[in-house]
Trainee: 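Got a structure for you, written out below as structure tokens; questions coming shortly.
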Amino acid sequence: MAYLLEMQDIVKDFGTLRANDHINLKVEEGEIHALLGENGAGKSTLMNILYGLYHPTSGTILFRGKPVRLNSPHDAINLGIGMVHQHFMLVPALTVVENIILGMPRRWGLVDLKTAAQEIREVARSYGYDIDPFAKVWQLSVGEQQRVEIIKALYRGARLLILDEPTAVLTPQEVRELFRVIRRLAEEKYTVIFISHKLNEVMELCTRVTVLRGGKLVGTVNTCDTTKEELARMMVGREVFFQLDKEPPSLGDVVLEMDKVEALNEKGLKALKGVSLEVRAGEILGIAGVDGNGQSELAQVITGMRKLSAGRIRIKGRDVTGTGARYIYEQRVAHIPEDRQAEGLVMDMSIKENLILRQYYRPPFAKGLFLKWPAIKENAVQLMKEYDIRAPHEEFLAKTLSGGNQQKVVLAREVSTQPDLIVAMHPTRGLDVGATEYVHRRLLAERDRGAAVLLISTELDEILNLSDRIAVIYEGEIMGVVPRDRADREELGLMMAGSKRLKAS
Amino acid sequence: MTDFLKELTNFLAADVRTAVPLLLAATGLIFSERSGIVNIGAEGMMLIGALAGVAGSYFLGHAWMGVLVAALVGVLLGLLFGFLVVTARASQIVIGAAFNLLGLGLTTSLARVIFGVNTSPPPIDAFKPVAVPGLSRIPVLGEVIFHQTQLTYLALVLVPVTYFILFKTTLGLKVRAVGEYPRAADTVGINVYRIRYGASMVCGMFCGLAGAYLSLSLLNFFTENMTAGKGFIALATVIFGKWNPFGVLGAALVFGAGEALQYRLQAAGANVPYQLLLMIPYLLTIAALAGFVGRAVPPASSGRPYVKE
């Protein structure tokens, strides 16, 4: 059998880090081929090599049986390779049609927007997409932007389409719609490489799976010959438990109370519209929703990092509206921020310094204006042991740690003070399975200790696994709150897309 | 009434004359900033262009040769600027400041070497107003717009040309994309560095032209620091004009009016210290930037170097 694409013995080094270690990948024409692996397994690196963005340290690429050199995306595009990146490569300030024809040769070097728009509409329509070619990209939803990316690749004549974690940003309904289009493409002899770490999706959509782990090839299997459990074992290298053991919650008093809270975003638009929520001690309230629907602003108003434009927030009955981040923290509120590298840690500071960023101004870590280094060091040594932070010692800079260990530093700092309320946003984003499990267990342990936990995540599985109640946020509004045992994935998806709203429950 | 018309015509004609150097430099800066390079060295480049223009006309005997030399020198300056900020990834602000210092020092020294110290300026071929047949007879407007030097006409023609290039050609689309989101441009096979080099060179050329306008059209000799901050006002012009060639034309006329007003008031012997009048264009700049523009949104990657992975 001749393959459309063969990547042979691909090695890619970044300095001393070997991101791809002798990887082989063979893809047949017209198949949907999954590239499965955890974060950091080397999937994106391999695909960036195929798309001409990286140059392999060694190895060969055969396309339609012939060896090819891919020096830039230009070469890849000319061969008919298209890629939809995880972070979309669209210019927000430009229109859809400008983005799609960007960099393509046009007659006389002129941008004939009307003709192009017509052609784009036709391509879009043949896949059941309806897009306005003259809309500015920043006005589009994430799902729409992804469609623009797919059409952009097809319009450029791609026959092999690489989709890098395409479902991470979609609602369940949008995922189904995407799968429909991918299957349509495969029927028409397009070839799709589907990068994912979600086993259900891979099993549902793909014909064959190539699994990477730690930069190495684990193997390629047919989805019909394997099981989810086996794939998980290949991906992680050990048994994985899909279900967390969870005791029923023992509810206490109301800890967080939000009453018709409104807030503006950076553009001065309303990001939160009349949000009313309650979280009790001993429960996890999950906030589900597609990225960018007000989640960041929600976490920020609760932790005192953003002003409210209306409404009230009470913590343990005390009105904290209009107070600041330190006042709220001193009400025993912990915050696991969405971007640990930008907001959770100071990357150029050591572990021990990062661990006292909350309490640096009071004993035992400070006396008057002076820091007490012995106490700071002792604190770090103890927390590193307790939270399994793997680093040679406490002087290591935060930026040298892996994502999982960075998150453990944040977790240790925030949770070790036994807070009454924990606001956790995307607590496992970008972490591998082991670290994810660890964070989940910690959050559950905090809930069982009696903390109120507000868990904001775009991963519906995470929300369903951990939460006792689930609220869905859409365009800054709470669409409804359902108890976990009555939550239905389908219904949540509709609420996430804004097409269904529950009566106050 | 005729007196008033005459006064108005004179004022507007002076406005156009003072606006043109701002317009030329700002047009160049549109290319540069749209591609993501902030060039605060425009002042220095203009100054070098002014000297190059005079020297070119002096040695080669023709005003247009002066313009050509100024443009070429500008292109070379843009190339150097591009190398420093794109390839060497030096801070655009520091390099821009360095160009300003370089421009002042270099032109002062070279002018003394070429033309001597304390001598009266040598006679050189410079531009004189040329009336456009027919059109210059239109009342007021004819005198204001169609009785100017050829460089003025060139500057005005370059406004729609720039607009066309930026918004109607694939090249312009590439420039805009590179200034907004260079990585996205990279992934569709656009050479980000080449675009930025090109934009920087075009910007240098326009700054050279702006300088040549000062020394060959507005005046016909070179004096030390003759740009007197016009390069900085050109930067403000770009912001006030919202990175759009026609917007920049309007902004240049507003700032030019400030300067023309100052001359008028001085000439009319207004009973105000002239130092205060000299402040008018700069006050106008600050007021415009602080208040009237609303929120001007610069290209998203303006000022940021691009590192290919």
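In what follows, chains are A, B, ... by sequence order, proteins preceding strands, each numbered from 1.
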Trainee: Among A:R306, A:E343, A:E338, find the one that has a side chain to side chain donor-acceptor pair (under 3.5 Å) with A:S296.
Mentor: A:E338

Trainee: Could you please spell out the steps behind the side-chain hydrogen bond (donor to acceptor under 3.5 Å, both in side chains) verdict for B:Y197 and B:T87?
Mentor: CA-CA 9 Å; B:Y197 262 101; B:T87 304; 2.4 Å; yes

Trainee: For the candidates B:R176, B:K174, B:K168, which exhibits the highest count of non-hydrogen atom pairs separated by less than 4.5 Å from chain A?
Mentor: B:K168

Trainee: What part of A:L102 is in contact with chain B, defined as an atom under 4.5 angstrom from a non-hydrogen atom: side chain, backbone, both or neither?
Mentor: both

Trainee: With a 4.5 angstrom heavy-atom cut-off, could you sort out which part of A:M104 is near chain B: side chain, backbone, both or neither?
Mentor: backbone

Trainee: With respect to chain A, which residue among B:T169, B:I190, B:T187 yields the maximal number of heavy-atom pairs within a distance under 4.5 Å?
Mentor: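 The answer is B:T187.
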
Trainee: Between A:L110 and chain B, with a heavy-atom cut-off of 4.5 Å, which part of the residue counts as in contact: side chain, backbone, both or neither?
Mentor: both

Trainee: Could you measure the distance from the CG atom of A:L160 to the CG atom of A:L79? Nearest 0.5 Å is fine.
Mentor: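 The CG atom of A:L79 is 9.5 Å from CG of A:L160, to the nearest 0.5 Å.
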
Trainee: Is chain A contacted by the side chain of B:F167, its backbone, both, or neither, given a heavy-atom distance below 4.5 Å?
Mentor: backbone

Trainee: Does A:R69 come within less than 4.0 Å of A:D75, counting only side-chain N to carboxylate O?
Mentor: no

Trainee: Is the centre of the B:F240 ring less than 6.0 Å from the centre of the B:F255 ring?
Mentor: yes

Trainee: For A:F14, which atoms come within 4.5 Å of any heavy atom of chain B: side chain, backbone, both, or neither?
Mentor: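 Neither part.
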
Trainee: Give the minimum heavy-atom separation between A:L212 and A:A41, together with the two atoms involved.
Mentor: O-CB, 3.7 Å

